[in-house]
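Remarks on the structure that follows.
Remember, predicted model here, so these are calculated numbers, not experimental data.
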Amino acid sequence: MLGLPAHVRACLFDLDGVLTQTAKVHAAAWKEMFDGYLRERAAREGTAFVPFDAVDDYDAYVDGRPRADGVRTFLAARGVRLPEGSPDDPPEAETVNGLGNRKNNLVLQRIREDGVEPYEGSVRFVHAVREAGLGRAVVSSSANCRDVLVAAGIEDLFDERIDGLVARERHLRGKPAPDTYLEAARALGVRPEEAAVFEDALAGVEAGRAGRFGVVVGVDRVGQAEQLRAHGADVVVRDLAELLESR
């Protein structure tokens, strides 16, 4: 009835871009942070300023990854290596964690100012999943996951939340490693092959494939259906409501 294989007993949802319209907020915050830093660095070193691309660079290097991994991966692509620092570094610190905290402050500011909107089709689908008696978990790299769920008014739809804070406490590797999705399946009491993963990020569908989940559903919000398939999606939809309409 949900457009999923009959053996699926639980659904594991990414947050940004799947459940809530916050992926564009993250992309804008990453661009603002990286452009500011790269402009400062270029002026200091007398080199050309090459801005962060909020589509290509975002998809390739930061989307779906834990914040520090996103900073590290993008800068490595530009040939830049910074000290790691510590998670409590101030946002002005020129460290991996400092830049990550600078980006996080920008995201929180945008969420406070603009609020959070869920995708209506996703909310309909999650309600249908609950009515069907399947387990439901949110799996996000964000440390702000609960705040976003509350702001969007959908926190009560889920049984479990495995987010950036939980990953840090339990020493789980971030996407594209499958650890956080595997932890969500364990928390819901199902085997990976009994769970469906819903992801819009390339790193996220890689995590679903690496964890050998029952089905990986790619959610194509930005016209990257082929890339989602290439990275591990079994099925690609533009909106989760399409799965209900396929019944």
**Q.** By side chain to side chain contact (heavy atoms under 4.5 Å, CB included) - contacts of Ser142 (at least two apart)
**A.** Asp16, Ser140, Asn144
Q. For Arg81, does the CZ atom sit with more than 12 other heavy atoms under 6.0 Å from it, leaving out its own atoms?
A. no
Q: Measure from the side-chain N and O atoms of Glu113 to the backbone N and O of Arg110, and report whether any donor-acceptor pair falls under 3.5 Å.
A: no
Q) Short question: side chain of Arg209, backbone of Ala233 - any donor-acceptor pair under 3.5 Å? A) no
Q | Expected output: side-chain Ser122 to main-chain Val18 donor-acceptor under 3.5 Å | A | yes
Q: Could you walk me through whether Leu2 and Val129 pass the side chain to side chain contact (heavy atoms under 4.5 Å, CB included) test, one step at a time?
A: CA-CA 7 Å; Leu2 298 168; Val129 170; 4.0 Å; yes
Q. Would you call Glu84 and Arg72 a salt bridge, taking side-chain N to carboxylate O under 4.0 Å as the test?
A. yes
Q) Under the 3.5 angstrom rule, does the side chain of Asp63 hit a backbone N or O of Asp59 as a donor-acceptor pair? A) no
Q: Answer yes or no: is there a donor N or O on one side and an acceptor on the other, between the side chain of Gln224 and the main chain of Asp200, under 3.5 Å?
A: yes
**Q.** Pairing of Asp14 and Lys175 as salt bridge, 4.0 angstrom limit
**A.** yes
Q | Any donor-acceptor N/O pair, Glu242 side chain to Arg238 backbone, under 3.5 Å | A | yes
Q | Glu94/Arg44 ion pair, N-O < 4.0 Å | A | yes
Q: Check whether any side-chain heavy atom of Val126 lies under 4.5 Å from a side-chain heavy atom of Phe198, and answer yes or no.
A: no
Q: Output, in order, the C-alpha distance, side-chain angles, deciding distance and verdict of side chain to side chain contact (heavy atoms under 4.5 Å, CB included) for Leu188 and Leu12.
A: CA-CA 10 Å; Leu188 291 173; Leu12 316 178; 3.6 Å; yes
Q) Taking the side chain from Arg212 and the backbone from Pro192, do they hold a donor-acceptor pair closer than 3.5 Å? A) no
Q: If you link ILVMFWY side chains whenever their heavy atoms are less than 4.5 Å apart, which other residues fall into the same cluster as Phe49? By chain and number, please.
A: Trp30, Met33, Phe34, Tyr37, Leu38, Phe52, Tyr58, Tyr61, Val62, Val71, Phe74, Leu75, Val80, Leu82, Val96, Leu99, Leu106
Q) Can any side-chain N or O of Asn101 pair as donor or acceptor with the backbone N or O of Pro91 at less than 3.5 Å? A) no
Q. Judged by atom type as modelled, is there a donor-acceptor pair below 3.5 Å linking the side chain of Glu45 to the main-chain atoms of Thr47?
A. no
(Q) I'd like to know if Arg170 and Glu183 make a salt bridge, using a cut-off of under 4.0 Å between side-chain N and carboxylate O. (A) yes
Q) Has the side chain of Arg221 got a donor or acceptor atom that lies under 3.5 Å from a matching backbone atom of Gly17? A) yes
(Q) Testing the 3.5 Å rule here: is there a donor-acceptor pair between the side chains of Thr95 and Asn97? (A) no
Q. Are the charged groups of Glu155 and Arg146 less than 4.0 angstrom apart, N to O?
A. yes
